[in-house]
Amino acid sequence: MKSASDSILEKPVLSPSKTIRLLIAASGTGGHVFPAIATAEQLRDYQIEWLGVPDRLETQLVGDYAQGSYPLHTISVAGFQQKLGLGSLKVLLRLIGSIRQVRRLLKQGKFDGVFTTGGYIAAPAILAARSLGLPVILHESNALPGKVTRWFAPWCSVVAIGFQAASDYLPRGKTICVGTPVRSQFRSALDDTALEDLSIPKDVPLIVVVGGSQGAVALNKLVRKAAPAWFDAGAWVVHLTGDSDPDAQRLQHSQYVVLPFYDNMAALFQRANLAISRSGAGTLTELAITHTPSILIPYPFAAEDHQAFNAAVFAEAGAAEVYRQADLTSEVLEAQVLMMLKSPDRLQQMAKQAASLAVVNSAEQLAQLIRRGLG
């Protein structure tokens, strides 16, 4: 395995003689778009434009979180089929067309390089850039890299990874572990632990439940069945159900706060004694930064079961307990949470281990890699 040395991040960066133009290809989910926005915020002296797909999340986020700072270009590209067939041919033809589009954009815009956070939009971005001899920096947040990352890592100047474990799946790529950038709003809220809007007493155990935008319903059902025993033990629960659960309001209790989402996750995770969560890379990054012990239940339908690989990193570090959804009952969840709440020393040790996985300055490190890659 080829691995980039940490010394790459220590060498001085020379000031460029001209303004660098960077195309960022990040599309689809917050897990791809938010780290890219956080990195772009560290490159304010660059001229940055965005490559996305119509009707995907980036069309909202790039404007909302970046105040419209980055012109958005969209192309038509689809995910790769697992089995060969007519669908694969259509995807291939669309890929060829999208490579031509990106190549034209890079040439006309006189871009100096490309930064991408993986996903299927990375394929045309990487291939177009390399056909023009332009450098590509790719960031992969998951412990099990996605297919596009695994296929095209050798074509990239460097692959920045969120978990060191990802390097095992990229034997021909030049990798360096920098963690995964989080939103600037999250980092700026780390010193603000106030949760006045939730009216949670300061001296009670707090359990925070995060189902994520996908797969929240099954997790929510388990929690609603187990929660009454936690209330009896004096705990409060803040349950973020997502917006797709028809039974979200079924459970009512004075110690139970139910919301679809919550903005100040930094304060919420820091206040929590324990989190119950899926194991997307973005959420795990936030749990590490806030030193929050967790019970992780990987989303069973995530591509290639990659959330299980993410969760395994936290389990091996002693930062989390991991349960497969298929094997988990409300009775087991109820008992496990009660046992952990009665073991403050264990929770403290888990918090310490979660902190050991945190890379708070990930965005700065990734921006530094981009500066070096683009010369």
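Not measured: the values here are computed from a predicted model.
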Quiz prompt | Connected via hydrophobic side-chain network under 4.5 Å: V313 and F309 | solution = no
Quiz item: Among all residues two or more places apart in sequence or in another chain, which pass the salt bridge (Lys or Arg N to Asp or Glu O under 4.0 Å) test with R130?
Solution: none
Exercise. Check salt bridge (Lys or Arg N to Asp or Glu O under 4.0 Å) between R250 and all other residues, then give those that pass, not counting sequence neighbours.
Key: D247
Do any pairs count as a salt bridge (Lys or Arg N to Asp or Glu O under 4.0 Å) and have a residue in [range], sequence neighbours left out, and if so which ones?
range: residues 150-159; value: R150-E304
range: residues 112-121; value: K18-D112
range: residues 282-303; value: R183-E286
range: residues 311-337; value: D305-R324, E321-R346

Quiz item: If you take all heavy atoms of L219 and V210, which pair is closest and at what distance?
Solution: CD2-O, 3.8 Å
[X]: which residues meet the side chain to side chain donor-acceptor pair (under 3.5 Å) condition with it, sequence neighbours left out?
X: H253; value: none
X: D197; value: Y262
X: T117; value: none

Quiz item: Which residue pairs pass the side-chain hydrogen bond (donor to acceptor under 3.5 Å, both in side chains) test with at least one member in residues 287-296, sequence neighbours excluded?
Solution: T290-T292
N/O donor-acceptor pairs under 3.5 Å from side chains in residues 355-362, not counting sequence neighbours:
| unit_1 | atom_1 | unit_2 | atom_2 | d |
| --- | --- | --- | --- | --- |
| S356 | OG | Q353 | O | 2.5 |
| N361 | OD1 | Q365 | NE2 | 3.0 |
| S362 | OG | V178 | O | 2.8 |
| S362 | OG | G179 | O | 3.2 |
| S362 | OG | T180 | N | 3.3 |

Practice problem: Mind jotting down which residue pairs meet the ring pair (Phe, Tyr, Trp, His ring centres under 6.0 Å) criterion with at least one end in residues 162-190? Sequence neighbours excluded, please. | Solution: none
